[in-house]
Amino acid sequence: MPELPEVESVRRQLDPELSGRTVTDAWWDPIPTMPREFHQMGLLVGRKIHSVGRRGKFLIAPLDEGLELIMHLGMTGAFRFDHDDAWVRSRLWLDDGRTLAFRDARRFGRMAVVEAGDYSALPTLSSLGPEPLQDDFRLDGFIRDLARTTAAIKPYLLSQRPVAGVGNIYADEALWMARIHPLSRRVGSGRAAALHAAIREVLAAAIEREGTTFRDYQMVNGESGRNASFLVAYGQAGRPCPRCGTLLRKTVLGGRGTTYCPGCQRP
DNA sequence: CACGCCTCCTGTGCGC
DNA sequence: TGCGCACAGGAGGCGT
């Protein structure tokens, strides 16, 4: 469930620890679960990490020699220093004597080394929408994207194309806030503007609280995010809508659990 | 091209 | 008590 706020919280802890460090050795799970998993990881050895950045849910660390290390937490991925247990799938040895362990019980996470800017091995990253909290998330472009698509609004948000970093939790939260039914295929400019603002507000508030922890998500220092108790829609099925009192309903949309208010979220 | 469905994976919690 | 099973959802792949 790491979405943009969780990945950003991890990035903020990882960046000062890794910037300037050189990777002296690397190990990764020899049994891949998908093609191109741990793509070109051998190229890491001897490389210096300049910084740790982020695009959507992807961590992107520029290296020397024109390379980049891409990291994705998947469902249960977490980074910890000098840590060992049965779920460690990759480990980097650093020139300060520490090791960075990538722990990933459900094995949906991935790491890859690529030529800087060449994301052809990572299709979602190569067609990723704008950063929601940056100026390039333009309202006019968002309105145009929503007018053009024929898909239902929630799966469209989850595709990462209209905007980067929104996953199942924050999609439910933002759609509730903007009063839009997750199955809606007609989101005009007024509602698109409300959704644009809601996405920014929901994500910014979650970053302030360092993300949503139910069970697996932890930051590099082992602490949990504090956003879970602030969720209004996700996981709240059966409770009254705080806005109109109608009982929130859970359904399945595109294979994802989806909670919404049938009273005030309009198709 | 883009939509929508299926698959990958395993710890957890529930019902019987 | 123990077993079996549905469920959780990131991205990728592929059929239509």
Side-chain angles (χ1 to χ4, degrees), chain A residues 1-11 28-39 54-60 70-79 85-90 102-112 114 119-129 132 144-175 182-187 203 206 211-218 224-225 227-228 231 233-238 250-260:
Chain A
M1 309 169 204
E3 305 179 28
L4 187 148
E6 292 73 35
V7 178
E8 175 60 18
S9 301
V10 169
R11 189 202 68 77
W28 59 95
D29 190 339
I31 307 168
T33 59
M34 52 182 93
R36 297 198 294 274
E37 195 179 28
F38 299 113
H39 179 72
R54 180 189 57 73
R55 273 287 280 134
K57 305 171 197 172
F58 293 85
L59 291 167
I60 302 182
I70 313 292
M71 297 164 278
H72 197 291
L73 300 176
M75 281 286 297
T76 55
F79 287 101
D85 64 33
W87 294 279
V88 171
R89 300 190 65 215
S90 176
F102 178 56
R103 185 180 185 271
D104 183 22
R106 247 170 271 184
R107 310 179 81 207
F108 279 7
R110 53 194 338 204
M111 299 172 77
V114 300
Y119 304 136
S120 49
L122 301 129
T124 300
L125 179 56
S126 63
S127 59
L128 194 62
R144 216 175 311 124
D145 287 344
L146 296 197
R148 248 197 280 267
T149 187
T150 61
I153 184 64
K154 182 176 174 185
Y156 187 54
L157 289 177
L158 296 184
S159 76
Q160 307 301 300
R161 282 181 286 119
V163 61
V166 176
N168 205 40
I169 296 171
Y170 301 110
D172 278 5
E173 294 296 298
L175 289 168
L183 270 176
S184 178
R185 290 172 196 270
R186 290 174 196 194
V187 179
L203 295 179
T212 300
T213 297
F214 297 122
R215 188 179 49 239
D216 296 301
Y217 161 67
Q218 287 188 335
S224 294
N227 195 59
L231 296 177
Y234 181 91
Q236 309 301 311
K250 180 168 180 182
T251 182
V252 177
L253 214 175
R256 303 291 170 253
T258 297
T259 306
Y260 67 102

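Naming convention: chains lettered A, B, ... in sequence-line order (proteins, then strands); numbering from 1 in each chain.
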Rounded off to whole Å, could you give me the CE-to-P distance for the A/Met75 and C/dA11 pair? 11 Å
Output yes when at least one side-chain N/O atom of A/His72 is less than 4.0 Å from OP1 or OP2 of C/dG10, else no. no
Should the side chain of A/Arg110 and the base of C/dA11 be counted as holding a donor-acceptor pair, with the cut-off at 3.5 Å? no
Using a cut-off of 4.0 Å on non-hydrogen atoms, how would the nucleic acid contact of A/Arg107 be classed: base, sugar-phosphate, or nothing? sugar-phosphate
Between A/Asp216 (CG) and C/dG10 (C1'), how many Å, whole number? 12 Å
For A/Ala121 and A/Asn168, take the nucleotide of DNA chain C holding the closest heavy atom to each; which residue's nucleotide lies nearer the 5' end? A/Asn168
Take the protein atom CD1 of A/Ile169 and the nucleotide atom C1' of C/dC7, then report the distance between them rounded to whole Å. 15 Å
Got a donor-acceptor contact below 3.5 angstrom from the A/Asp104 side chain to the A/Gly109 backbone? yes
Name the residue closer to the 5' end of DNA chain B, choosing between A/Met34 and A/Arg215 according to the nucleotide with the nearest heavy atom. A/Met34
Separation of C/dA11 atom P from A/Tyr119 atom OH, nearest Å, is 15 Å
note: A/Arg106, atom CZ; C/dA6, atom P; distance rounded to Å ~ 16 Å
Angle between terminal axes - the helix from B/dA2-C/dT16 to B/dC16-C/dG2, 5 pairs each end, rounded to 10°: 50°
Which label fits A/His72 and A/Phe58: parallel for a plane angle under 30°, tilted from 30 to 60°, or perpendicular past 60°? perpendicular
Touch check for A/Thr76, heavy atoms < 4.0 angstrom, all strands: base, sugar-phosphate only, or nothing? nothing
Grab the CZ-C1' distance between A/Arg54 and C/dG10 for me, whole Å please. 16 Å
Roughly, in whole Å, what's the span from CZ in A/Arg161 to C1' in C/dG10? 16 Å
Establish, from distance only, whether the side-chain atoms of A/Tyr170 and A/Thr212 form a donor-acceptor pair under 3.5 Å. yes
Name the nucleic acid region contacted by A/Arg89, choosing base, sugar-phosphate or nothing; use a 4.0 angstrom heavy-atom cut-off, strictly under. nothing
With heavy atoms under 4.0 Å as the rule, sort A/Leu122 into base, sugar-phosphate or nothing. sugar-phosphate
Just checking A/Gly77: base, sugar-phosphate only, or nothing, at a heavy-atom cut-off of under 4.0 Å? nothing
Looking at residues at least two apart in the chain, or sitting in another chain, which of them share a ring pair (Phe, Tyr, Trp, His ring centres under 6.0 Å) with A/Tyr234? A/Phe214
I'd like to know if A/Lys154 pairs up with A/Asp172 as an ion pair, taking the criterion as any Lys NZ or Arg NE/NH1/NH2 lying under 4.0 Å from an Asp or Glu carboxylate oxygen. yes
Need two values: the first and the last nucleotide of DNA chain B, 5' to 3', having an atom under 4.0 Å from any heavy-atom of chain A. B/dC3 to B/dT12
